[in-house]
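Notes for the one structure printed next.
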Amino acid sequence: MPDGKKKKMDKIVSLCKRRGFIFQSSEIYGGIGGFWDYGPLGVELKRNIKDVWWRDMVTGHDDTSTPVGAATPYEMVGIDASIVMHPQVWKASGHYDLFHDMLVDCRTCKARFRADQIPTSPCSRKPSKHPGEHTDCDLTEPREFNLMFKTFIGALIDPTAEAYLRPETAQGIFVNFKNVLSTARVKLPFGIAQIGKAFRNEITPRNYTFRSREFEQMEIEFFCSPDSSQGWYDYWCARRFTWYTSLGLKSERLRLRDHAASERAHYSCGTADIEYAFPFLAEGEFGELEGVSHRGDFDLRSHMEGKLVRDGDILKVELDEHGRASHAGSGKDLSYFDDATQTKFIPHVIEPSAGVDRAMLAFLCEAYTEDAIPDDKGVPQERVVLKLHPRIAPVKVAVFPLIKKDGMPEIAGEIYRELKLKWNVSYDQKGSIGRRYRRQDESGTPFCITVDHQTLIDGTVTLRDRNTTVQERVNSANLVSLIEERL
RNA sequence: GCGGGCAUAGCUCAGUGGUAGAGCAUCAGCUUCCCAAGCUGAGGGUCGCGGGUUCAAAUCCCGCUGUCCGCUCCA
């Protein structure tokens with residue numbers, strides 16, 4: 001990593017701690033790897049990101065007209081599924097096998113092999129032999145690697161009570177597809193949205209909150225007919241990319257990248273990642289914020305028939321040595337009957353799956369800015385400012401009395417209480433006025449209001465813009481409407 | 001999982017065997033000043049955790065944990 005980028009990331013991490021955005025989990029006990037806590041400002045920022053997403057994708061969606069870029073109108077609803085689900089959910093979905101392996105490490109060549117594939121794997125030192133056959137080989141015993149967090153249902157620790165913390169929220173949507181369809185008066189095409197925690201035992205949690213073991217997802221499963229699915233895939237790629245740019249990720253650091261066919265999961269008909277060039281990554285490298293995937297009928301079919309594997313061009317149920325499904329599905333019919341065409345089919349799925357914590361980190365990195373503004377003597381002074389989009393800024397407005405006497409605190413207090421009815425507003429009368437502006441700049445507060453001597457005469461206050469530091473004098477009676485149109 | 005670096009106040013760091021420090025930040029007061037670093041004062045650290053060596057350990061040794069970098073692995 002280049003020095004300059006590392007320095008920038010260090011400054012962001014330091015700011016996040018200093019201002020109460022992000023703390024390491026369980027810090028007073030020495031910390032715990034891969035887990036993070038959000039402090040007073042961090043929780044506001046994170047909630048805003050989730051609220052804006054929910055608003056833009058679900059409650060604010062107009063299902064009576066055709067959105068730009070879409071073929072037809074569509075409906076959106078939400079759910080909130082449990083974190084612990086029936087263990088068979090993960091077996092049928094393929095996660096159990098994918099995330100659960102017996103692995104063998106070679107201490108000599110640092111390679112790792114799946115225990116069941118050693119007879120067919122080449123030794124890294126001598127590809128003509130298999131691991132363990134070369135004299136230099138130094139293999140560990142097969143060890144169980146489980147990327148899913150295991151837990152137990154019921155107080156009794158018993159292997160038959162094993163369950164898992166979900167490694168993704170998506171399956172909670174698929175298993176509720178039938179419930180939503182039969183109760184929410186929706187018909188295809190429609191989407192189900194969900195925000196919630198997910199857990200993965202990452203082998204190497206790294207890069208601040210980017211790869212955490214406990215993280216939060218914002219996922220949509222969009223159900224449509226097979227023949228319309230490609231169009232909806234294109235729609236969602238564009239729709240989701242635009243969402244990030246609309247919240248401030250405007251720079252060349254954001255990109256939409258199509259996966260090559262070889263890179264895609266076996267069930268995917270198309271996948272694109274929305275990626276951000278985080279400062280902690282090497283030059284030219286990008287990290288995933290969201291994956292938009294065309295999953296065909298894989299998910300619903302899996303939960304009908306059982307775990308699917310690819311066989312040439314088709315997906316078929318994986319069988320065990322007795323010819324039965326290796327991991328059975330629910331056996332329930334999850335197909336859809338389309339009244340208009342009088343046809344029955346298993347809906348295809350487009351999945352825009354976003355990481356809340358990763359989005360938040362990208363917004364913070366993008367917003368972090370150092371500039372210089374003149375002090376009271378006209379000498380440029382360095383300033384640190386988080387240029388967060390006003391919709392996600394933790395605090396929307398700060399209210400100050402210029403000095404804490406002559407009745408200014410009382411007037412500022414009235415304004416504070418009035419604005420607080422609508423937004424998260426903070427009040428500060430401590431320290432010099434310049435210092436108070438700087439504090440708010442570091443927190444990303446878009447607007448500051450100052451009550452000064454002239455307020456006492458004509459009722460006007462100054463409204464200061466975070467990005468430009470420009471102040472304008474406005475009537476305090478108009479503040480609510482004025483700020484409303486700028487947020 | 002392997003190898004290497006790092007761990008001292010909220011933040012950035014100094015302190016290499018002998019009484020735990022600085023700057024910034026925070027708090028109280030003064031100043032009444034529209035863009036940080038004016039004045040006075042205060043609080044805050046079992047020096048990551050555990051063990052060992054020593055009369056004496058932040059400092060030396062061992063283990064653990066966390067973190068960073070590089071491999072490895074990978075949704």
Side-chain angles (χ1 to χ4, degrees), chain A residues 1 6-7 9-11 13-20 23-35 39 95 98-99 101 103-114 124 138-140 143 145 147-148 167-168 170 198 200-208 210-211 215 217 259 263-265 268 271 273 280 282 287-288 290-291 293 353 355 358 372-385 400-406 408-409 429-442 448-454 461-462 464-466 468-471 473:
Chain A
M1 181 188 315
K6 179 167 162 43
K7 279 209 183 89
M9 198 59 215
D10 286 348
K11 287 179 183 174
V13 171
S14 169
L15 174 70
C16 284
K17 172 77 184 288
R18 184 156 41 86
R19 286 293 173 201
F23 305 127
Q24 192 185 12
S25 171
S26 314
E27 194 185 77
I28 64 169
Y29 283 101
I32 177 167
F35 298 91
H95 286 85
L98 188 68
F99 280 15
D101 280 318
L103 296 178
V104 171
D105 286 305
C106 177
R107 297 186 187 92
T108 306
C109 55
K110 315 296 183 200
R112 176 171 289 164
F113 308 93
R114 278 178 54 171
S124 336
D138 183 12
L139 300 184
T140 62
R143 286 175 296 183
F145 275 70
L147 267 44
M148 286 198 290
E168 61 170 36
R200 289 183 197 176
N201 260 319
E202 300 290 349
I203 296 170
T204 49
R206 200 164 278 197
N207 288 332
Y208 203 30
F210 184 79
R211 179 163 293 161
F215 56 101
Q217 293 183 302
H259 280 207
E263 194 182 354
R264 294 198 297 254
S268 174
T271 300
D273 283 347
F280 51 76
E288 181 189 345
E290 172 161 351
S293 184
S353 169
R358 289 180 174 188
I373 59 171
D375 64 10
D376 53 354
K377 297 177 191 67
V379 181
Q381 298 289 349
E382 190 180 300
R383 176 177 77 135
V384 172
V385 52
F400 311 142
L402 180 62
I403 55 175
K404 54 185 171 189
K405 63 179 193 183
D406 298 344
M408 291 181 203
Q429 60 176 35
K430 288 181 286 216
S432 74
I433 189 72
R435 189 188 301 269
R436 282 177 270 166
Y437 285 141
R438 296 302 179 84
R439 272 199 283 258
Q440 296 301 326
D441 289 341
E442 277 200 340
C448 292
I449 292 165
T450 301
V451 171
D452 59 13
H453 296 97
Q454 199 172 333
V461 295
T462 61
R464 177 217 189 233
D465 180 88
R466 175 196 64 200
T468 62
T469 77
V470 169
Q471 293 181 80
R473 185 156 283 280

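Quick caveat, the model's predicted, so the values are computed rather than measured. Residue numbers start from 1 in every chain, and the chains themselves are labelled A, B, ... in the order their sequence lines are given, proteins ahead of strands.
Proximity of a side-chain donor or acceptor of A/Arg435 to a complementary backbone N or O of A/Lys430 within less than 3.5 Å is not detected. A/Asp452 places a side-chain N or O within 3.5 Å of a backbone atom of A/Gln454 that can act as its donor or acceptor partner.
In this structure, OH in A/Tyr208 is found 11.0 Å from CZ in A/Phe280, a value given to the nearest 0.5 Å. Distance CD/A/Glu442 to CZ/A/Arg19: 4.5 Å, rounded to 0.5 Å. Residue A/Phe215 holds its CZ atom at 8.5 Å from CD of A/Glu168, rounded to the nearest 0.5 Å. Note that the CD atom of A/Glu288 and the OG atom of A/Ser353 stand 7.5 Å from one another [nearest 0.5 Å].
Closest approach of A/Gly34 to A/Pro205, counting heavy atoms only: CA-CB, 3.7 Å. Considering every non-hydrogen atom in both A/Met148 and A/Asn201, the closest pair reads O-ND2, 4.1 Å. Taking all atoms of both residues into account, the shortest heavy-atom contact from A/Pro409 to A/Pro401 is N-CB, 3.7 Å. Minimum interatomic distance between A/Tyr437 and A/Cys448 (heavy atoms only, all atoms of both residues): CE2-CB, 3.6 Å.
B/rG66 and B/rC30: their P atoms are spaced 49 Å apart (whole Å). Nucleotides B/rU46 and B/rA9 have their P atoms positioned 10 Å apart, rounded to a whole Å. Rounded to whole Å, the separation between the C1' atoms of B/rG41 and B/rG50 comes to 40 Å. B/rC61 and B/rG4 have their P atoms separated by 14 Å, given to the nearest Å. Spacing between B/rG15 and B/rU8 at atom C1', rounded to whole Å, works out to 9 Å. With C1' as the reference atom, B/rG52 and B/rU59 are 15 Å apart, rounded to whole Å. Spacing between B/rC73 and B/rG5 at atom C1', rounded to whole Å, works out to 22 Å. If you take atom P in B/rC64 and the same atom in B/rC27, they sit 42 Å apart, rounded to whole Å.
Using the Watson-Crick or G-U wobble rule with both distances under 3.5 Å, B/rU19 pairs with nothing in any strand shown. Pairing partner, B/rC33: none, since no Watson-Crick or wobble contact has both distances short of 3.5 Å. Across all strands shown, B/rC2 forms a Watson-Crick or G-U wobble pair, both distances under 3.5 Å, with B/rG70. Using Watson-Crick or G-U wobble geometry with both donor-acceptor distances under 3.5 Å, B/rG50 finds its partner in B/rC62. The pairing partner recorded for B/rG45 is none, the criterion being a Watson-Crick or G-U wobble arrangement whose two distances lie under 3.5 angstrom. Across all strands shown, the partner of B/rU40 is B/rA28, judged by Watson-Crick or G-U wobble contacts whose two distances both fall under 3.5 Å.
In this structure, A/Glu382 places its CD atom 18 Å from P of B/rC35, rounding to the nearest Å. Nucleotide B/rC24 holds its C1' atom 11 Å from the CZ atom of A/Arg19, rounded to whole Å. Whole-Å rounding puts the A/Lys11 NZ to B/rC13 C1' distance at 15 Å. A/Glu442 has its CD atom 13 Å from the P atom of B/rU12, to the nearest Å. Distance A/Phe23 CZ to B/rG10 P: 11 Å, rounded to the nearest Å. For the pair A/Arg466 CZ and B/rA36 P, the computed distance is 18 Å after rounding to whole Å. A straight line from CG of A/Asn207 to C1' of B/rC74 spans 14 Å, rounded to a whole angstrom.
Relative to the side chain of A/Arg439, the nucleotides B/rC34, B/rU26, B/rC35 differ in distance, and B/rU26 lies closest. Minimum atom distance to the side chain of A/Arg206 is reached by B/rC69, of the listed B/rC69, B/rU31, B/rC33. Checking B/rU31, B/rC69, B/rC34 against the side-chain heavy atoms of A/Ile433 singles out B/rC34 as nearest. Of the listed nucleotides (B/rC11, B/rU31, B/rA36), B/rC11 has the atom at the smallest distance from the side chain of A/Ser14.
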Are there any protein N/O atoms within less than 3.5 Å of an N/O atom in nucleotides 4-6 of chain B, and if so, which ones and at what distance?
none

Please tabulate the protein-to-nucleotide N/O contacts below 3.5 Å involving nucleotides 63-67 of chain B, giving atom names and distances.
from	atom 1	to	atom 2	distance (Å)
B/rG66	O4'	A/Gly30	O	3.3
B/rG66	O3'	A/Gln24	NE2	2.9
B/rG66	O2'	A/Gln24	NE2	3.0

Every protein N/O within reach of nucleotides 38-45 of chain B N/O, cut-off under 3.5 Å:
none

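Every residue two or more places apart in sequence or in another chain was checked for a side chain to side chain contact (heavy atoms under 4.5 Å, CB included) with A/Arg206, and none qualifies. Listed by chain and residue number, A/His259, A/Arg264, A/Ser268, A/Asp273, A/Ser293 satisfy the side chain to side chain contact (heavy atoms under 4.5 Å, CB included) test with A/Thr271 (two or more places apart in sequence, or in another chain). Residues satisfying the side chain to side chain contact (heavy atoms under 4.5 Å, CB included) criterion with A/Thr469, sequence neighbours excluded, are A/Ile373, A/Arg383, A/Arg464.
Contacts of A/Leu402 with the nucleic acid, taken as non-hydrogen atoms under 4.0 Å apart, include base atoms. When heavy atoms are screened at a 4.0 angstrom cut-off, A/Asp273 is found touching base atoms of the nucleic acid. Nucleic acid contact for A/Gln471: base, since at least one base atom lies under 4.0 Å from a heavy atom of the residue.
In terms of position on RNA chain B, the residue among A/Arg211 and A/Thr462 whose nearest nucleotide sits closer to the 5' end is A/Thr462. Each of A/Asp452 and A/Arg18 was assigned the nucleotide of RNA chain B with the nearest heavy atom; the assignment lying further toward the 5' end belongs to A/Arg18.
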Going through the distances and angles, do A/Asn207 and A/Arg358 end up as a side-chain contact (heavy atoms from CB on, under 4.5 Å)? CA-CA 11 Å; A/Asn207 288 332; A/Arg358 289 180 174 188; over 6 Å; no
When you look at A/Gln429 and A/Phe400, which way does the side-chain contact (heavy atoms from CB on, under 4.5 Å) test go after all the steps? CA-CA 6 Å; A/Gln429 60 176 35; A/Phe400 311 142; over 6 Å; no
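On a pure distance criterion of 3.5 Å, no polar donor-acceptor pair joins the side chain of A/Arg464 and the base of B/rC34.
In this structure, A/Lys17 does not reach the B/rG10 phosphate: none of its side-chain N or O atoms is under 4.0 Å from OP1 or OP2.
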